[in-house]
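Data first, discussion second: the structure below is written as structure tokens.
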Protein chains: 2
Amino acid sequence: MDHPDIEQKLGGRGEEEQETRERILSAARQLMAQKGYKGATTRKISELAGVNEVTVFRHFKNKVGILTELLKEIMDVREQLEQGLQGEFSDLKQMLVSYARTYYGLLVERKEIFMICMIEADNHPEVVQMFSSLPMTAVEVLSNKLLAFQEQGHLPKVDPFTAALMFVSTFFYAFMAKYRVNLNLEMVEEELFENASEILLQGIKGFK
Amino acid sequence: MDHPDIEQKLGGRGEEEQETRERILSAARQLMAQKGYKGATTRKISELAGVNEVTVFRHFKNKVGILTELLKEIMDVREQLEQGLQGEFSDLKQMLVSYARTYYGLLVERKEIFMICMIEADNHPEVVQMFSSLPMTAVEVLSNKLLAFQEQGHLPKVDPFTAALMFVSTFFYAFMAKYRVNLNLEMVEEELFENASEILLQGIKGFK
DNA sequence: TGAAAATGCAAGTAATTGCTTGCTTGGCAC
DNA sequence: GTGCCAAGCAAGCAATTACTTGCATTTTCA
């Protein structure tokens, strides 16, 4: 009765007709990201979803049920990041730019969920468990890659962790500024990827 | 009647006897940073402060009154950052390390308020107004300094904004990881300041 | 067409929350 | 002592919130 997994249905109406369950999730995602878990009341969620409040509880056992469902959407982040590093790159810089794109893309693509995690970081056990390992994932993945480069002798003896941390946090910060504080960076993202990659490689002193 | 600015009184008891008003603010600061504005109920605040709930409303007009009071604590950030750059530095690296220390120190010192701002970023007009300009302040201040160095010919033509962004966000990320997600970085802060400064200057390729 | 499933609607419930009121108590200053 | 002021205590209030129940209505689909 809860959510009977029938997915082939929207053939009838074309676009507008979105599954009720999806509409609820979508509304909750948006509201929780903006107002936090508590601020996203079940009433507001149902209104935004355009359904009756009871319908929400017909689809989800309770409010945390919605949250846990949403959190599943970032379970595969590590996998995605590692996959993005699979291909061959012409040089180190291209790899960095590509990694930046992948990482920033992931953040933007699932901005609401990341926001919810930030906001509710230590309120809900569900979030804690899911989120606690996440911030360092992107750093670790890149750090490991850099370490591999080092061991192949392609890179001098820097601390790869610090380097990865600097790189990753740059885009996280840019992401937060843009999507949480609504600040525009006066810079196209792609340009930032390039610049940051170059600086990480050459340093600000090493430019011609 | 509200808060009559009598400050000379704690001479009687010595340490333990903290002003009621301060205890309330302190409790609110802690709770709002952890649970958010909504999660920090006036009941919980009063309990943590060890006072009766009515006392809270005797000291503050209402709940937002507490919030606005707390927010005043980060009004002087730009000033503090600029002040930290006043002195003379033996070289660029020392300046960067010093800036990192100042910035990270500010974050830690007022961690609760920064957390509150992060969490409530677009819920309360008070926070919006106070916080909207803040994330880029630390970047701007450093960016300007780097630009000055460039104009004196002491630095090649890199984009100083990107450089400043990378540097600042590194410590912001480290701060968030440690104090919001309770992750330890496996690294002493001072070491991070050093490493990050060197990488920013030399890049990861430029090491001996 | 007809049964089953999904949704709407009305109403309600127990708990929480921000905030108020009226009154008492206790300490300090004069 | 007397008066004042801060704080405690008990009680309550109106609004909100998560969630339920019962029933009517619509939609789906075989």
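A note on names: the letters A, B, ... follow the listed sequences, proteins ahead of strands, and every chain is numbered from 1.
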- Query: Any side-chain N or O of A/T41 less than 4.0 Å from the OP1 or OP2 oxygen of D/dT16?
  - Reply: no
- Would you mind reading off the distance between B/N52 atom CG and C/dG22 atom C1', rounded to a whole angstrom? 14 Å
- Task: Figure out the NZ/C1' separation between B/K38 and C/dT17, and round it to whole Å.
- Result: 10 Å
- Contact check, side chains of B/R21 and B/F60, non-hydrogen atoms, under 4.5 Å: yes
- Note on the structure: Here the distance between atom C1' of D/dA7 and atom CD of B/E53, to the nearest Å, is 14 Å
- Side-chain N or O of A/T55 less than 4.0 angstrom from OP1 or OP2 on C/dG8? yes
- Query: How far apart are the closest heavy atoms of A/G36 and A/I119, and which atoms are they?
  - Reply: CA-CG2, 4.1 Å
- Task: Nearest whole angstrom, please: distance from the P of D/dA6 to the CD of B/E22.
- Result: 16 Å
- Message: Among D/dC23, C/dC19, D/dA7, which nucleotide has an atom closest to any side-chain atom of A/R58?
- Response: D/dC23
- Task: Would you tell me if any nitrogen or oxygen in the side chain of B/T42 comes within less than 4.0 Å of OP1 or OP2 on C/dC19?
- Result: no
- Task: Tell me what B/G50 touches on the nucleic acid: a base, only sugar-phosphate, or nothing, going by heavy atoms under 4.0 Å.
- Result: sugar-phosphate
- Message: Minimum heavy-atom separation for A/L183 and B/S132, please, with both atom names.
- Response: CD1-O, 3.1 Å
- Starting from P on D/dC5, measure out to CZ on B/R21 and report it in whole angstrom. 18 Å
- For B/V56, which contact category applies under a 4.0 Å heavy-atom criterion: base, sugar-phosphate, or nothing? nothing
- Query: Closer to the 5' end of DNA chain C via nearest nucleotide, is it B/G39 or B/V54?
  - Reply: B/G39
- Item | Selection from C/dT17, C/dT20, D/dG8 that lies nearest to any side-chain heavy atom of B/F57 | C/dT20
- Message: Please determine whether a side-chain nitrogen or oxygen atom of B/T20 lies at a distance below 4.0 Å from atom OP1 or OP2 of D/dA7.
- Response: yes
- Item | Atom-to-atom span, CD of B/E47 to C1' of D/dC9 - whole angstrom | 15 Å
- Could you tell me the separation between the CD1 atom of A/I24 and the P atom of C/dA6, rounded to a whole number of Å? 12 Å
- Task: Answer yes or no: are there more than 12 heavy-atom neighbours, outside A/E79 itself, under 6.0 Å from its atom CD?
- Result: no
- Atom CG of B/L67 and atom P of C/dG18: how far apart are they, to the nearest Å? 13 Å
- Query: If only side-chain N and O atoms of B/H59 are considered, is one of them under 4.0 Å from the OP1 or OP2 phosphate oxygen of D/dA6?
  - Reply: no
- Okay, side chain of A/K63, backbone of A/Y37: is any donor-acceptor separation there less than 3.5 Å? yes
